[in-house]
Amino acid sequence: MLLGAIADDLTGASDLALMLSREGMRTVQTIGVPPADFDLGDVDAVVVALKSRTNPATEAVAMSLEALVWLKASGARQIIFKYCSTFDSTTKGNIGPVTDALVAELGTDLTIVCPAFPANRRTIYKGHLFVGDQLLSDSPMRHHPLTPMTDSSLVRLMAAQSVLPVGLVSHNTVVRGADAVREAFSDAKRRGDRIVVIDAISDADLRVIGEAVADFPLITGGSGIAIGLSENFRRTGLLPTNRTAGTFAVPAGRAAILAGSCSEATRGQIKRAIEAGIPALKLDPVTITEGKMTVDEVLRWALSQTENVPLIYSSAEPADVLAAQKELGQERAGEIIEKFLARTAIGLRENGFRRLIVAGGETSGAVVGALAPAALFIGPEIDPGVPWTLTLGEGEPMALALKSGNFGGPDFFLKAWEMLK
Ligand SMILES: Nc1ncnc2c1ncn2[C@@H]1O[C@H](COP(=O)(O)OP(=O)(O)OP(=O)(O)O)[C@@H](O)[C@H]1O
Ligand SMILES: O=C(O)[C@@H](O)C(=O)CO
């Protein structure tokens with residue numbers, strides 16, 4: 001293994017794994033930290049998917065350090081800490097504490113913060129994170145059910161979360177190339193910075209940054225940061241130039257869509273799917289708590305949809321999410337839906353479903369946690385950041401598409417199936 005990554009949620013992990021495999025690294029994503037003797041096969045990169053994004057910092061640190069120990073023992077030469085391209089973190093934020101712990105454990109004097117992912121319109125300029133044409137704090141992310149983002153300054157966000165000094169390498173340096181960036185890193189170290197936010201607005205910027213961090217033991221960011229890393233290993237001869245991906249054998253069986261993401265993108269995709277005639281059943285956390293909707297009822301409904309792929313969703317407008325959270329509490333409302341969808345997924349598998357799209361990082365974490373495959377093989381890309389994956393380990397394989405809430409075009413739920421034909 002050349003590269004080892006620790007991802008703070010499941011969809012984020014497949015996003016990164018897809019990027020690494022697109023860049024010529026044979027990549028496997030594990031679900032949590034695998035057993036010490038887990039057979040990885042012939043891989044160049046491993047992404048350990050955690051479900052730590054919204055956990056208290058002490059828990060997230062412990063989980064991440066456990067993943068680090070496993071990755072180092074498995075031979076990883078460089079570590080990526082992958083968080084969301086919209087820097088999703090709670091008010092108590094664990095990205096800083098996890099970075100601090102990894103910095104200490106790896107004994108590195110400087111690391112970067114770079115959640116840029118230009119293909120999905122996440123860019124960083126003057127240390128401010130943009131989502132499309134909007135600052136993060138003006139984007140729909142300000143209404144996120146678990147991690148509302150109301151500040152766009154990555155320097156400020158990171159400085160509030162980390163105990164280490166945080167600086168900035170800005171775009172006018174990045175455009176001057178890898179040597180200029182390396183020089184800026186040296187200046188930052190002289191100033192006493194231990195973490196630098198680095199601007200990136202294009203893939204070309206990410207390739208420059210990738211080259212400049214070739215000898216960094218730790219890199220932190222979104223999946224975009226992986227764009228420039230494989231080239232470093234090819235340059236030194238560690239990675240063959242003609243890596244071929246393994247085969248993606250599509251399992252036969254019925255298909256369904258489970259959506260717990262309340263993002264604007266997912267809501268738009270649901271709307272489009274319903275308009276196209278997809279049968280849809282809406283879940284509501286309050287109705288579930290009152291016992292007025294059960295997993296068995298939902299399964300019966302799904303099984304009766306023999307003409308088309310059923311869509312089961314809890315995705316709701318911000319005002320409805322807020323109302324449910326007021327009644328049940330923010331965490332509890334989320335948990336109720338996550339558990340319900342996880343149990344639904346188990347029921348679907350028991351009834352012969354073998355192809356699932358799951359929308360939302362936390363939701364995917366809950367569903368895949370319940371299905372419990374040992375790892376996921378990364379298959380074809382549906383849209384930037386979202387591959388089809390194949391479950392590995394015991395039991396019959398399933399095809400899973402784990403969609404980050406904000407990712408995918410408006411027709412995602414319709415077109416994803418075409419790739420399984
Ligand atoms: N109707 C609802 N009311 C309250 N909470 C909800 C509702 N529907 C879903 N949730 C919760 O909102 C959270 C959505 O987070 P999730 O990570 O799944 O989606 P996302 O944030 O859009 O995706 P990503 O993390 O990939 O960007 C989950 O905890 C889910 O259970
Ligand atoms: O970086 C992103 O935006 C995604 O991979 C993700 O982490 C969403 O959960």
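Just follow the structure's listing: the first ligand is 1, and inside any ligand the first atom is 1.
Among A333, G360, G260, the residue whose heavy atom lies nearest to atom 9 (C) of ligand 1 is G260.
Shown in contact with D9 at under 4.0 Å from a heavy atom are these atoms of ligand 2, numbered in order with element: 7 (O), 9 (O). Close approach to L146 involves these atoms of ligand 1, each under 4.0 Å from a residue heavy atom: 13 (C), 29 (O). Close contacts of ligand 1 with T11, meaning ligand atoms under 4.0 Å from a residue heavy atom, involve 26 (O).
R22 contributes no side-chain N or O that, together with a main-chain N or O of L20, makes up a donor-acceptor pair within less than 3.5 Å. Side chain of R142 to main chain of D138: a donor-acceptor pair is present (N/O by atom type, distance under 3.5 Å, no hydrogens or angles). Judged by distance alone, the side chain of S89 and the main-chain N or O of F87 form a donor-acceptor pair under 3.5 Å. Of the possible polar contacts, one joining the N94 side chain to the S52 backbone as a donor-acceptor pair under 3.5 Å is found.
Separation of atoms CZ (R26) and CD1 (I378) is listed at 14.0 Å; rounding is to 0.5 Å. Taking CE from M293 and CG from L281, the interatomic distance works out to 4.5 Å, rounded to the nearest 0.5 Å.
In F117, neither the side chain nor the backbone holds a heavy atom less than 4.0 Å from any atom of ligand 2. Counting heavy atoms closer than 4.0 Å to ligand 1, residue D320 contributes nothing at all. Counting heavy atoms under 4.0 Å from ligand 1, residue P145 touches it through the side chain alone. The residue S364 has no part lying near ligand 1, judged by heavy-atom distances below 4.0 Å.
Of all protein heavy atoms, the one lying nearest to atom 7 (O) of ligand 2 is R53 NH2, 2.8 Å. Protein heavy atom at the shortest distance from atom 5 (O) of ligand 2 is D15 OD2, 2.5 Å. Remark: minimum distance from atom 29 (O) of ligand 1 to any protein heavy atom is reached at E338 OE2, 2.6 Å. Regarding atom 17 (O) of ligand 1, its nearest protein heavy-atom neighbour is E362 N, 2.7 Å. Scanning the protein heavy atoms around atom 27 (O) of ligand 1, the nearest turns out to be G405 N, 3.6 Å. Ranking protein heavy atoms by distance to atom 1 (O) of ligand 2, first place goes to S85 N, 2.7 Å. Remark: minimum distance from atom 8 (C) of ligand 2 to any protein heavy atom is reached at S404 OG, 3.2 Å. For atom 1 (N) of ligand 1, the nearest non-hydrogen atom of the protein is S314 O, 3.0 Å. Counting protein heavy atoms only, atom 7 (C) of ligand 1 is closest to C262 SG, 3.7 Å. Atom 3 (N) of ligand 1 has P285 CG, 3.6 Å as its closest protein atom, hydrogens excluded (heavy atom only).
The residues R121 and D133 are annotated as salt-bridged, a charged nitrogen and a carboxylate oxygen being separated by less than 4.0 angstrom. Here R156 pairs with D151 in a salt bridge; the nearest charged N to carboxylate O distance falls below 4.0 Å. Under the 4.0 Å criterion applied to side-chain N and carboxylate O atoms, E335 and R332 are not assigned as salt-bridge partners.
More than 12 heavy atoms of other residues, nucleotides or ligands shown are found within 6.0 angstrom of CD on E59. With a 6.0 Å radius and a threshold of 12 heavy atoms from other residues, nucleotides or ligands, R77 has its CZ atom at or below the threshold. In this structure, E275 places its CD atom where more than 12 heavy-atom neighbours from other residues, nucleotides or ligands lie under 6.0 Å away. Within a 6.0 Å radius of CD in E290, other residues, nucleotides and ligands contribute more than 12 heavy atoms.
Annotation: K82 places an N or O atom under 3.5 Å from an N or O atom of ligand 2; distance criterion only. The N/O atoms of G361, backbone and side chain alike, include one that comes under 3.5 Å of an N/O atom in ligand 1. Between T363 and ligand 1, an N or O atom pair is found at a separation short of 3.5 Å. On a distance-only criterion, C84 and ligand 1 share no N/O pair closer than 3.5 Å. Ligand 1 has an N or O atom lying under 3.5 Å from an N or O atom of G334, backbone or side chain. Any N or O atom pair closer than 3.5 Å counts here, and K403 shares no such pair with ligand 1. In terms of polar-atom proximity, defined here as any N/O pair under 3.5 Å, S261 does make such a contact with ligand 1. Polar contact with ligand 1: present for H144 (N/O pair, distance under 3.5 Å).
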**Report entry** Test log, rule salt bridge (charged side-chain N to carboxylate O under 4.0 Å, His left out), inputs K51 and E338
**Finding:** CA-CA 12 Å; K51 191 176 184 305; E338 288 175 32; 3.1 Å; yes
Query raised in the report: Could you go step by step and tell me if T266 and K403 meet the side-chain hydrogen bond (donor to acceptor under 3.5 Å, both in side chains) rule?
Result: CA-CA 9 Å; T266 303; K403 190 192 81 72; 3.1 Å; yes
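At least one heavy atom of D9 sits under 4.0 Å from some atom of ligand 1. Judged by the shortest distance from any of its heavy atoms, R53 lies inside the 4.0 Å radius around the atoms of ligand 1.
Between F117 and F407, the angle of the ring planes goes over 60°, which puts this pair in the perpendicular group of the 30/60° scheme.
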